[in-house]
Amino acid sequence: MIIIKSDSEIDLMRESGKVTGFILKELENIIRPGLSTADIDRFVEKTIRGAGMIPSFKGYGGFPASACVSINDEVVHGIPDKKRILREGDIVSVDVGSTYKGYVSDAARTYPVGEVSDVARHLMEATRDSFFAGLEYCKVGCRLSDISHAIQQSAEGEGFSVIRDFVGHGVGQNMHEDPQIPNFGKAGRGPRLAKGMVFAIEPMICEGTYDVRTLSNDWTVVTLDGKLSAHYENTVVITDGEPELLTLGE
């Protein structure tokens, strides 16, 4: 069941989203060669708790950190570690969730570490662009799969593939609510969108194959062919007009 949020509930998510968006914006200036993924996690947790909020990810399903930090071929759920050091030419995806008075915001970005390859930069740009292609259909009356189809068409049009095993989702009092929102599929299917729906739209796009495997830590998902993956996500509110992005940080 898709939970429609009231104006007061969306107000709480808006506050949470400001902090999540602020963190992801600040990381543009923080991420550099020599930084550890644990350094990123400490910044994320300190900022969330300093705002009087709770890191949504920490302890969720047993996850040990406040941010998922995934490097290069890691698609999602990278576990921060003081021994994982960012190097020139890496790309790093950071996924963050903040909870304010019981309401969650969820967003992710992929960042270049110093100078990166043309392929890496193209992948990051295409992933972001695919999100905004899907956003065009986050409007009352559109069907859910219209978002999915637009994301797939955008990403594949740039020569990349779309992860099948992980999808976007509803978000609110819980991190993952109905509906699931694949980043691929035919248009014109699923429920029609209505005012008050809140989604985490999150394309995960790969340089090569979309096939993945999970590492022995039971969390970190990597591309099967070892090629790059990028992630771009925002918490999105369906309104009477244009969709509202709660986590843009701009």
Side-chain angles (χ1 to χ4, degrees), residues 1-18 20-21 24 75-76 95-97 103-110 123-206 210 230-250:
M1 180 181 73
I2 301 176
I3 301 170
I4 302 295
K5 274 68 176 184
S6 67
D7 289 346
S8 60
E9 289 176 307
I10 291 170
D11 283 343
L12 295 175
M13 297 186 73
R14 193 174 285 118
E15 291 303 308
S16 171
K18 287 177 184 176
T20 298
L24 294 174
V75 180
V76 286
D95 195 352
V96 177
Y103 286 85
V104 178
S105 62
D106 185 10
R109 303 284 187 272
T110 301
L123 175 65
M124 290 187 294
E125 291 172 353
T127 303
R128 181 184 184 278
D129 289 347
S130 73
F131 168 87
F132 284 99
L135 189 71
E136 291 292 318
Y137 295 89
C138 289
K139 297 176 182 178
V140 170
C142 291
R143 290 198 180 273
L144 193 69
S145 75
D146 295 341
I147 303 170
S148 308
H149 182 71
I151 290 171
Q152 181 179 15
Q153 290 293 104
S154 178
E156 291 182 351
E158 294 297 323
F160 299 118
S161 63
V162 179
I163 290 291
R164 264 55 171 178
D165 294 57
F166 297 89
V167 299
H169 50 89
V171 62
Q173 286 185 287
N174 295 299
M175 174 77 71
H176 295 99
E177 297 182 351
D178 289 336
Q180 291 193 344
I181 309 170
N183 296 305
F184 62 94
K186 294 183 179 180
R189 298 183 176 184
R192 291 196 182 277
L193 306 190
K195 179 183 178 182
M197 292 181 177
V198 185
F199 303 142
I201 307 294
E202 53 175 323
M204 290 153 275
I205 308 300
C206 297
Y210 57 70
H231 189 187
Y232 189 94
E233 175 184 20
N234 281 300
T235 299
V236 179
V237 180
I238 307 301
T239 75
D240 280 334
E242 294 298 314
E244 180 183 359
L245 278 63
L246 302 185
T247 52
L248 198 57
E250 297 177 356

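Numbering starts at 1 and runs along the sequence shown. Reckoned from all heavy atoms, side chains included, excluding hydrogens, waters and symmetry mates. Computed from a prediction, not measured in an experiment: that's the story for all the values here.
The two residues A108 and L24 have their closest heavy-atom pair at N-CD1, 3.8 Å. Taking each heavy atom of T20 and A107 in turn, the nearest pair found is CG2-CB, 3.8 Å. Nearest heavy-atom pair, A155 versus V162, reported as atom, atom and distance to 0.1 Å: CB-CG2, 3.9 Å. Across all non-hydrogen atoms, the minimal contact from K186 to R189 is CD-NH2, 3.3 Å. Scanning all heavy atoms of the two residues, the minimum distance from A187 to S145 falls at C-OG, 3.4 Å. When all heavy atoms of D95 and E233 are compared, the pair lying nearest together is OD1-OE1, 3.1 Å.
Between the CZ atom in F199 and the CD1 atom in I2 there is a gap of 5.5 Å [rounded to 0.5 Å]. Separating the CD1 atom in I238 from the NZ atom in K195 is a distance of 12.0 Å, to the nearest 0.5 Å. If you take CZ on R143 and CZ on R192, they are separated by 4.0 Å, rounding to the nearest 0.5 Å. Rounding to the nearest 0.5 angstrom, the gap separating the CG atom in N183 from the CE atom in M204 is 5.0 Å. Atom CG in L123 sits 4.5 Å away from atom OG1 in T127 (nearest 0.5 Å). The CZ atom of F166 lies 11.0 Å from the CD atom of Q180; values are rounded to the nearest 0.5 Å.
Side-chain contact between T247 and D106 is absent, with no heavy-atom pair separated by less than 4.5 Å. Between R109 and N234 the shortest side-chain heavy-atom distance falls below 4.5 Å. Taking 4.5 Å as the limit, some side-chain heavy atom of I205 sits within range of a side-chain heavy atom of S130. The shortest side-chain heavy-atom distance between I181 and I201 falls under the 4.5 Å cut-off. Annotation: side chain of I147 is in contact with side chain of C138 (closest heavy-atom distance under 4.5 Å). In this structure the side chain of H169 reaches within 4.5 angstrom of the side chain of E202, judged on heavy atoms. A 4.5 Å side-chain heavy-atom check between C206 and I163 finds at least one atom pair inside the cut-off. Side-chain atoms of L135 and L245, non-hydrogen and from C-beta on, do get closer than 4.5 Å to each other.
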* **Verdict with reasoning, S105 to L246, per side chain to side chain contact (heavy atoms under 4.5 Å, CB included)** => CA-CA 8 Å; S105 62; L246 302 185; 5.6 Å; no

* Tell me, with the steps shown, if C142 and Y137 meet side chain to side chain contact (heavy atoms under 4.5 Å, CB included). => CA-CA 6 Å; C142 291; Y137 295 89; 4.2 Å; yes

* Could you go through the side chain to side chain contact (heavy atoms under 4.5 Å, CB included) check for V198 and I3 one step at a time? => CA-CA 8 Å; V198 185; I3 301 170; over 6 Å; no

* **Chi angles and distances behind the side chain to side chain contact (heavy atoms under 4.5 Å, CB included) call for L193, L144** => CA-CA 7 Å; L193 306 190; L144 193 69; 3.9 Å; yes

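Between the S6 side chain and the E9 main chain, a donor and an acceptor come within less than 3.5 Å of each other.
Applying the side-chain hydrogen bond (donor to acceptor under 3.5 Å, both in side chains) test to H149 and every residue at least two apart in sequence or in another chain returns nothing.
The environment of F184 atom CZ is dense: over 12 non-hydrogen atoms of other residues, nucleotides or ligands sit within 6.0 angstrom.
Taking 4.0 Å as the cut-off between side-chain N and carboxylate O, R14 and D11 count as a salt-bridged pair. Ionic pairing of E125 and R128 is not present here: no N-O contact between side-chain nitrogen and carboxylate oxygen is shorter than 4.0 angstrom.
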